[in-house]
Amino acid sequence: FDWEICNFPPPQFSVDLTAVKPSTGLLQEVVYLVSQGADPDEIGLMNIDEQLPVLEYPQPGLDIIKELTSPRLIKSHLPYRFLPSDLHNGNSKVIYMARNPKDLVVSYYQFHRSLRTMSYRGTFQEFCRRFMNDKLGYGSWFEHVQEFWEHHMDANVLFLKYEDMHKDLATMVEQLVRFLGVSYDKAQLESMVEHCHQLIDQCCNAEALPVGRGRVGLWKDIFTVSMNEKFDLVYKQKMGKCDLTFDFYL
């Protein structure tokens, strides 16, 4: 999901995402827009993944990441406990995005089916069962999101929710501006919000993605009544002691 290990000299920004694509892609592109003062057309001409390398991937590799000019934007999917010590010590910044797990598991299922390297051909019911039983890559989503939520009040952690990009994008952009320490006047901020709106509209276009994978509430199109009841039960068991809440539809 949207989830590593070595020490890097500060300052840097580390983007750790718990929402799967297109959620991961959305956050990294919005963060790039805000931090660089870029626009959607510029992002369309580049490979955004090269601008935000994944810390735990063998390519481009840690040696190349270390050579990047600070402040660096680095993506990771690893649990909080496996992040570099600079992050735990507050010397670097973490932007973490969580998505409601029902939409997430649908999007993750579509993502698995779309990649040749995974070529998942099981049913959604089987995939959802594996998700609830913590049997997918990167381990338990429930543990991952709760672990970061425990640190959401840390000064170097910005905990965001995917649904808020659709519900109140302007507030999220303002949060990012403050957290990243970039400067915008009122007109520039309004323009940046509009650019981010354009980006999200492009990424969540129902014609471009299976079942509109980026929209909020897509789980209602595929969950059966019995699946939903089972999922709610598992969710309550695993998240019952956590005060983190999600919007499952807008």
Side-chain angles (χ1 to χ4, degrees), residues 1-21 23-32 34-35 52-57 62 65 70-105 108 131 134 136-165 167-169 171-182 234-248:
F1 317 107
D2 300 69
W3 348 36
E4 289 209 329
I5 303 195
C6 62
N7 297 312
F8 293 114
Q12 71 181 36
F13 304 128
S14 178
V15 183
D16 193 292
L17 316 173
T18 194
V20 293
K21 294 179 181 294
S23 318
T24 301
L26 272 178
L27 178 59
Q28 71 179 9
E29 293 185 5
V30 168
V31 169
Y32 185 85
V34 173
S35 65
L52 286 88
V54 181
L55 183 58
E56 64 267 30
Y57 285 6
L62 294 178
I65 290 177
S70 184
R72 294 166 291 183
L73 296 173
I74 303 170
K75 186 169 65 174
S76 172
H77 307 309
L78 293 179
Y80 181 87
R81 61 187 178 277
F82 290 152
L83 289 175
S85 59
D86 272 348
L87 297 174
H88 295 166
N89 297 334
N91 295 323
S92 301
K93 296 183 178 182
V94 181
I95 302 170
Y96 183 88
M97 177 166 278
R99 186 178 187 180
N100 89 68
K102 292 181 182 180
D103 281 346
L104 185 147
V105 71
Y108 204 30
F131 178 86
D134 307 328
L136 295 176
Y138 287 107
S140 170
W141 173 89
F142 303 95
E143 293 180 2
H144 193 278
V145 73
Q146 288 182 83
E147 191 172 289
F148 271 92
W149 182 246
E150 291 175 359
H151 294 274
H152 77 282
M153 296 300 292
D154 293 1
N156 71 316
V157 175
L158 178 62
F159 192 104
L160 302 174
K161 297 180 184 179
Y162 176 81
E163 292 74 25
D164 289 339
M165 283 202 296
K167 185 169 61 175
D168 191 357
L169 178 62
T171 295
M172 178 176 289
V173 171
E174 291 173 2
Q175 288 178 295
L176 286 169
V177 167
R178 289 193 300 269
F179 187 71
L180 295 173
V182 293
V234 172
Y235 183 88
K236 184 176 181 180
Q237 291 172 342
K238 297 190 175 187
M239 299 286 288
K241 296 181 179 180
C242 180
D243 61 352
L244 172 63
T245 62
F246 288 99
D247 291 318
F248 289 89

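Quantities reported herein were computed from a predicted structural model and do not represent experimental measurements.
Once rounded to the nearest 0.5 Å, the distance linking CG of L62 with CD of E56 reads 9.5 Å. The distance from the OG atom of S92 to the CD1 atom of I74 is 8.0 Å, given to the nearest 0.5 Å. Atom CE of M172 sits about 8.5 Å away from atom CG of D168, to the nearest 0.5 Å. Between the CH2 atom of W141 and the CZ atom of R99 there is a distance of 11.5 Å, given to the nearest 0.5 Å. Put simply, CD on Q146 and CG on L244 are 8.0 Å apart, with the number rounded to the nearest 0.5 Å. H151 contributes atom NE2, which lies 10.5 Å from atom CZ of R81 (distance to the nearest 0.5 angstrom).
By the 4.5 Å heavy-atom criterion applied to side chains, K238 and E143 are not counted as neighbours. Taking the side chain as every heavy atom from C-beta outward, P84 and L55 approach each other to under 4.5 Å. Looking at V234 and F142, their side chains come closer than 4.5 Å, going by heavy atoms from C-beta outward. Between V157 and L87 the shortest side-chain heavy-atom distance does not fall below 4.5 Å. Inter-residue side-chain proximity for L73 and S35 is flagged as met; some heavy-atom pair is nearer than 4.5 Å. Residues V182 and L176 are not in side-chain contact: their nearest non-hydrogen atoms beyond the backbone lie 4.5 Å or more apart. Contact of the L158 side chain with the V94 side chain is not registered, since no non-hydrogen atoms from C-beta on lie closer than 4.5 Å. Taking 4.5 Å as the limit, some side-chain heavy atom of Y80 sits within range of a side-chain heavy atom of H88.
Residue G90 comes nearest to N156 through the heavy atom pair CA-ND2, 3.5 Å, listed as atom of the first residue, atom of the second, then distance. When all heavy atoms of D134 and S140 are compared, the closest pair comes out as OD1-OG, 3.1 Å.
No donor-acceptor pair under 3.5 Å is formed between the side chain of E163 and the backbone N or O of F248. The closest donor-acceptor contact from the side chain of N100 to the backbone of K102 lies under 3.5 Å.
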Step by step, would you call L104 with F131 a side chain to side chain contact (heavy atoms under 4.5 Å, CB included)?
CA-CA 10 Å; L104 185 147; F131 178 86; 3.7 Å; yes
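Using a cutoff of 4.0 Å between basic side-chain nitrogens and carboxylate oxygens, D164 and K161 are not scored as salt-bridged.
Checked against a 6.0 Å centroid threshold, the rings of H152 and W149 count as neighbours.
Ring planes of F148 and Y96: parallel class, angle under 30° (limits at 30 and 60°).
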